[in-house]
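First up is the structure itself, then whatever we jot down about it.
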Amino acid sequence: MTTRILIADDHPIVLAGIRDVLAGELDLDVVGEAADPVTLIELMTSTLPHAVITDYSMPGGDSFGDGIKLISFLRRSFPDVRLLVLTMVSNPSLVAAMYAAGASGVVLKSHGLGSLVQALRTVLADRVYRPPGLMPVAAAEPADAAVVLARLSPRELEVIRLFTGGMSVGDIARQLQRSAKTVSTQKISAMRKLGVDSDQALIEYCLQASLFA
């Protein structure tokens, strides 16, 4: 029985490299290739792969999100598919966020694709693959989390908790029955209070402070 693999990356050279690495594995069949999140979702629905090898950051993620949001969406929508993420990101906190969102394994592009087959075999065996040499996330002191929480209003904290859990602003607005504008304002206010200026920095901050552990 062959194992169906779907691959996604917006760089043709990387896609070619993944194909070459998998070409020698007779039991692995690449059933589709995508260069953006929308195409990836469409192919996942039509090809029903056993595993997906996807870039962490691809353009055109307006419909399904990108990065952490994309991983979270894939995990919720296709819970039986193993997710192997390729990334240039080596920040331990952000890599930890990928696992928290639902990645089965992470392969750092800076390490090359030599470990790709091993990583894929690991996740197909229903085990977690972790890149060698990556430093673990340092645990924050409990007092730090208490100080951070005190900065946020209850509504801001609720929005941040749901956002770092993988929900979009629109999803949060529907769940909390607030307008998207209100949720966005509360999210921006919380980010300002925490001293972060991007979604990835927000996720990293929450992980380091163990806010929602």
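All residue numbers refer to positions in the sequence shown, counting from 1. When reading the values below, keep in mind they use all heavy atoms of this one structure, side chains included, and skip hydrogens, waters and symmetry mates. No experiment lies behind these values; they were computed from the predicted model shown.
Counting heavy atoms from C-beta on, the side chains of Leu74 and Val81 never come closer than 4.5 Å. Under the 4.5 Å side-chain criterion, counting only non-hydrogen atoms from C-beta, Phe78 is not in contact with Val52. A heavy-atom distance below 4.5 Å is not found between the side chains of Tyr56 and Val106. For the pair Asp55/Lys109, a side-chain contact is recorded, criterion being any heavy-atom separation below 4.5 Å from C-beta on. Contact of the Leu43 side chain with the Glu33 side chain is not registered, since no non-hydrogen atoms from C-beta on lie closer than 4.5 Å. The shortest distance between side-chain heavy atoms of Lys187 and Ile172 does not fall below 4.5 Å.
One distance of note links CZ of Arg82 with CZ of Arg121; it measures 15.0 Å at 0.5 Å rounding. To the nearest 0.5 Å, atoms CG (Asp10) and OG (Ser57) are separated by 7.0 Å. Here the CD-CD distance, from Glu158 to Gln175, works out to 8.0 Å after rounding to the nearest 0.5 Å. Note that CG of Asp9 and CG of Asp36 are 11.5 Å apart. Values are rounded to the nearest 0.5 Å. A distance of 5.0 Å separates CZ of Arg75 from OG of Ser104, quoted to the nearest 0.5 Å. In this structure, CD1 on Ile71 lies 8.0 Å from OG1 on Thr54, to the nearest 0.5 angstrom.
The nearest pair of heavy atoms linking Ala190 to Ile160 is CB-CG1, 3.5 Å. Nearest heavy atoms, Met44 versus Pro49: O-CD, 3.6 Å. Across every non-hydrogen atom of Val128 and Thr122, the tightest pair is O-CG2, 3.7 Å. Val169 and Ser184 get closest at one heavy-atom pair: CG1-N, 4.0 Å. The two residues Pro37 and Pro59 have their closest heavy-atom pair at CD-O, 3.2 Å. Between Ser110 and Met88, the shortest heavy-atom contact is N-SD, 4.4 Å.
For the side-chain contact (heavy atoms from CB on, under 4.5 Å) test with Phe163, the passing option among Val183, Leu202, Ile68 is Leu202; the others fail.
Every residue two or more places apart in sequence or in another chain was checked for a side chain to side chain donor-acceptor pair (under 3.5 Å) with Arg155, and none qualifies.
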>> Assess the residue pair Leu176 and Leu162 against the criterion (side chain to side chain contact (heavy atoms under 4.5 Å, CB included)); give the C-alpha distance rounded to whole Å, side-chain angles, the decisive distance to 0.1 Å, and a yes or no.
In response: CA-CA 10 Å; Leu176 300 181; Leu162 294 173; 4.0 Å; yes

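Gln118 places no side-chain N or O within 3.5 Å of a backbone atom of Ser115 that could act as its donor or acceptor partner.
Using a cut-off of 4.0 Å between Lys/Arg side-chain N and Asp/Glu carboxylate O, Lys69 and Asp171 are scored as not salt-bridged.
Applying the 4.5 Å side-chain rule to ILVMFWY residues, one finds Ile5, Ile7, Val14, Leu15, Ile18, Val21, Leu22, Leu28, Val30, Ile53, Leu84, Leu86, Val107, Leu113, Leu116, Val117, Val123, Leu124, Tyr129 in the same cluster as Leu120.
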